[in-house]
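Beneath this line is the structure, given in structure tokens, with notes to follow.
Just follow the structure's listing: the first ligand is 1, and inside any ligand the first atom is 1.
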Amino acid sequence: MPEARESVSRKLLGRLRETLAQETAGQARLDRITDLIAGSLGTDVCSIYLFRDSETLELCATHGLKPEAVHKTRMRLGEGLVGRVARDGRIVNTANAPAEPGFRFMPETGEERFSSFIGVPVQRLGETLGVLVTQTHEPRRFTEDEVYALEVVAMVLAEMAELGAFIGEGAALGALHQRPVLFRGISGQEGTAEGHVWLHEPRVVVTNPIADDPEAEKGRLREALDTLRLSVDEMLNSVASGDKEQMQVLETYRMFANSRGWIRRMEEAIESGLSAEAAVEKEQTTARSRLTKVPDTYLRERLHDLDDLSNRLLRILTGQGNHTGAEMPADPVLVARNIGPGELLDYGRSLRGIVLEEGSVGSHAAIVARALAIPLVINAGPITTEALNGDPIMVDGDEGIVHLRPDENVAAAFRDKTAMQAEAQKRYATIRHKPCITRDGTRIRLTMNAGLMADLPSLESSGADGVGLFRTELQFLVLNKVPKRGELAALYRRVMDAARGKTVVFRTLDIGSDKVLPYMKPQDEPNPAMGWRAIRVGLDKPGVLRMQLQALIRAAAGRPLHVMFPFIAQFDEFRAAREQLDRALERESRLNHPLPCEIHVGAMLETPSIAFAPRQFFEMADFISIGGNDLKQFFFAADRENERVRRRYDTLNVSFLNFLEGIINRCSEIGTPLSFCGEDAGRPLEALCFAAMGLRALSMRPASIGPVKHMLMSHDLKELRNVIDEARRSGAQSVRPAVREWLRKTANQPPAGAGPA
Ligand code: PEP
Ligand code: MG
């Protein structure tokens with residue numbers, strides 16, 4: 001590294017360290033830092049601007065501008081040169097500031113006509129906290145070495161801010177990790193939760209960003225790198241040779257761990273006066289800021305790998321393993337960039353809520369969170385860089401909103417909402433063991449959707465009549481290999497035991513689309529939701545389907561068995577799937593295994609095509625369940641995973657209701673039992689309309705049973721049917737407004753049979 005560069009930054013850092021070591025309050029510290037930077041670089045002005053809120057920067061300390069302007073002068077993100085640096089996260093270095101695009105003269109700061117300007121973003125791990133600025137009258141461009149020195153100082157500033165070094169009167173920087181922040185994400189699982197942050201991967205805290213013995217620091221870095229390489233090799237050895245994907249990731253790790261460029265850049269940072277930890281973080285920050293700008297998914301993945309590797313290296317250097325000594329709060333809300341389904345299951349129901357930066361509604365983590373009924377918000381901004389272990393947090397899974405360190409007003413409103421929900425739960429408890437009979441005397445069967453053994457206790461607590469949909473893919477998703485037949489049979493047996501004679505409808509494996517098994521070769525399909533999925537995979541590669549059917553037959557052994565095939569789009573698929581079941585039964589019988597005493601074989605109606613299938617299909621199916629999530633997406637051609645269109649078409653749209661009516665009529669003519677098991681069945685208003693249209697069985701998440709039952713028991717389906725039909729005749733697009741109006745008029749009717757006995 002060039003000597004000049006080294007000496008500029010080393011000198012500056014040396015003085016900075018002295019300043020930071022002095023017992024001064026937050027603001028005085030910031031003031032001294034600006035003095036010392038201006039002094040060291042011989043500039044007229046040095047200022048520190050920090051974010052007041054996510055849109056506004058505030059002048060927090062200055063050498064050279066009017067002291068009265070401190071904490072008064074503010075600018076919006078993107079405004080002026082300072083705002084531009086903050087917005088783009090990139091340095092602006094110019095000898096002629098007024099000629100730069102976006103330049104804004106700020107007389108209120110006593111700013112004279114300075115010619116040169118350099119603004120360096122104060123960043124920590126990709127998050128911009130503010131801008132460090134120096135200016136001179138004399139036109140000059142700052143040298144590469146000076147720029148480097150300012151970058152290093154900016155990084156130390158960010159690091160110190162993280163440690164709360166500038167907390168003090170008016171210093172916005174110190175308040176960064178204390179201010180309330182709202183994150184708007186997407187709802188992954190409804191419900192509300194209040195608790196304290198538990199970071200899945202706690203951030204490593206670097207307490208010593210500056211070091212004065214570069215040789216010793218380089219030695220520490222080398223040692224840590226050796227340990228890192230060893231651990232990557234160990235991981236590689238422990239991966240099963242068939243697991244190509246994991247091997248590839250680890251090979252990339254190994255490549256990075258040996259990358260000369262990466263190591264050289266970290267050594268350079270050490271020579272400039274940083275400690276080994278700070279040097280790793282500096283590189284990580286650069287990689288993260290690139291990460292946000294790279295459009296290529298492959299490259300982004302690689303940068304993620306590098307980020308992960310840097311975290312590992314930091315943990316080795318600081319000795320802060322995954323266990324930082326912090327204790328899990330009693331009411332943990334898990335905050336993570338992303339999490340695998342297996343890890344989430346490890347936490348189990350101990351979590352109050354989950355907030356993820358990434359993920360999708362159909363991701364494995366979301367499926368598990370839903371199965372565990374833990375409120376989940378996904379795509380929640382850069383929350384892992386904001387949240388600290390133990391921060392108070394409130395998760396609104398209904399709205400997809402997260403309040404981190406909420407202020408009192410927000411907290412009070414949130415608690416009101418939760419209290420109202422709790423009140424409603426109490427109401428539902430009073431009708432839990434009553435049959436669901438509407439005011440006009442119609443019996444509606446309410447069952448629950450499940451996917452884990454852990455769901456089964458909800459059968460009792462929710463008062464469900466059985467399990468209308470048991471999604472079997474979860475056991476496949478959480479393992480790294482195909483489960484064995486014996487393991488599956490044991491699990492299905494336990495599920496049936498736990499149901500204590502209530503019906504459990506097992507749906508055979510529905511993989512593909514958004515549910516990709518970790519050990520399944522990913523299919524590069526342009527449109528996986530309409531691709532090789534569910535029964536299509538089952539019939540083309542029948543090995544797993546057969547094994548699953550055998551496991552189900554064995555689990556039932558003398559008891560009734562209900563099996564349902566997903567995504568049947570034409571009659572032949574159902575016939576072929578049934579044939580597989582018949583063959584499995586024959587085989588089990590040959591082996592003298594006890595057979596189920598009754599077998600009910602159903603089909604999921606998830607594509608419009610099957611609604612128009614020949615009559616014989618409806619005769620052959622012992623029952624049919626409408627998979628509304630898929631059916632609706634194909635009916636309206638609106639991807640259920642795409643936020644832009646997912647809510648665009650109302651379930652109570654007249655076209656969809658007309659279509660449902662057709663299905664209901666066909667099933668009732670032929671006498672095929674019909675149910676609805678998509679998410680809409682769990683929404684009280686929708687459920688009520690389905691019942692009014694003639695559906696007599698609805699399957700939903702356990703938490704929805706209470707509200708849906710209450711709604712159904714409080715209303716007269718015949719009356720509602722008239723309202724719906726009238727709305728359909730009126731030419732309305734959706735019957736929702738008319739139904740809402742009717743509900744408003746019939747409000748406050750206690751549910752039938754819920755009053756005193
Ligand atoms: C559905 O499509 O409505 C359904 C119940 O299946 P899944 O959500 O698992 O695709
Ligand atoms: Mg489906």
Side-chain angles (χ1 to χ4, degrees), residues 187-190 341 360-371 373 376 446-452 455 464 466-478 504-517 527-538 548 562-569 573-574 577 602-611 623-642 646-647 649 651 656 659-660 663 674-683 686-687 690 695 697-702 704-705 708:
S187 163
Q189 157 72 19
E190 286 136 26
S360 70
V361 180
S363 71
H364 306 163
I367 294 169
V368 173
R370 241 171 269 150
L376 163 72
L446 299 183
T447 53
M448 63 176 234
N449 295 346
L452 289 172
D455 290 322
V467 177
L469 166 67
F470 190 92
R471 292 181 164 102
T472 58
E473 49 277 4
L474 272 185
Q475 291 77 44
F476 286 78
L477 284 169
V478 297
V504 180
V505 179
F506 289 92
R507 173 176 79 182
T508 62
L509 203 54
D510 180 7
I511 45 161
S513 184
D514 54 300
K515 299 167 200 150
V516 182
L517 300 183
N527 205 337
M530 295 203 259
W532 197 55
R533 57 173 288 200
I535 199 65
R536 300 171 182 176
V537 181
Q548 204 186 8
H562 294 78
V563 182
M564 172 161 84
F565 295 111
F567 216 65
I568 298 288
E573 286 169 344
F574 184 63
M604 283 190 76
L605 197 157
E606 303 187 88
T607 63
S609 63
I610 201 69
F623 62 93
I624 287 175
S625 191
I626 297 175
N629 306 336
D630 275 312
L631 184 64
K632 207 176 131 191
Q633 80 165 337
F634 297 118
F635 185 75
F636 288 112
D639 187 346
R640 66 193 258 191
E641 294 291 315
N642 182 339
R646 149 177 123 80
R647 288 182 230 255
Y649 303 100
T651 306
F656 193 61
F659 181 52
L660 284 185
I663 299 169
L674 177 67
S675 66
F676 189 109
C677 66
E679 295 297 312
D680 286 321
R683 303 199 170 97
E686 280 80 342
F690 291 163
L695 273 157
L698 303 169
S699 198
M700 62 204 73
R701 55 182 77 179
S704 299
I705 299 228
V708 166

Can the ring centroids of Y649 and F656 be said to lie less than 6.0 angstrom from one another?
no
To check you understand the geometry: which heavy-atom pair defines the closest contact between [X] and [Y], and what is its length?
{"X": "E606", "Y": "F567", "result": "OE2-N, 2.7 Å"}
{"X": "Q189", "Y": "A369", "result": "CG-O, 4.2 Å"}
{"X": "E679", "Y": "N629", "result": "N-OD1, 2.8 Å"}

Counting only heavy atoms, which portion of R507 has something under 4.0 Å from ligand 1: side chain, backbone, both, or neither?
side chain
Once you restrict to heavy atoms under 4.0 Å, what part of D510 touches ligand 1? Side chain, backbone, both or neither.
side chain
Which of the numbered atoms in ligand 1 are below 4.0 angstrom from a heavy atom of [X]?
{"X": "G627", "answer": "1 (C), 2 (O), 3 (O)"}
{"X": "C677", "answer": "5 (C)"}
{"X": "G678", "answer": "3 (O)"}
{"X": "D630", "answer": "1 (C), 2 (O), 3 (O), 10 (O)"}
{"X": "M604", "answer": "4 (C), 5 (C)"}
{"X": "L469", "answer": "5 (C)"}
{"X": "E606", "answer": "1 (C), 2 (O), 4 (C), 6 (O)"}
{"X": "G628", "answer": "3 (O)"}

Can you tell me which N/O/S atom of D630 has the shortest distance to the Mg ion (ligand 2)?
OD2
Restricting to N, O or S atoms of E606, which is nearest to the Mg ion (ligand 2)?
OE1
Quick test of your reading of the model: are R646 and D639 salt-bridged, counting only N-O distances below 4.0 Å?
no
NZ/NE/NH1/NH2 to OD/OE distance under 4.0 Å, D455 and R471
no
Test side-chain hydrogen bond (donor to acceptor under 3.5 Å, both in side chains) applied to T651 and R683, K632, E686, the passing residue:
K632
Verdict with reasoning, R533 to D630, per salt bridge (Lys or Arg N to Asp or Glu O under 4.0 Å)
CA-CA 12 Å; R533 57 173 288 200; D630 275 312; 3.0 Å; yes
Nitrogen or oxygen of E473 less than 3.5 angstrom from that of ligand 1:
no
Close approach, R640 and ligand 1, non-hydrogen under 4.0 angstrom
yes
Residues two or more places apart in sequence or in another chain: which of them pass side chain to side chain donor-acceptor pair (under 3.5 Å) with S675?
S625
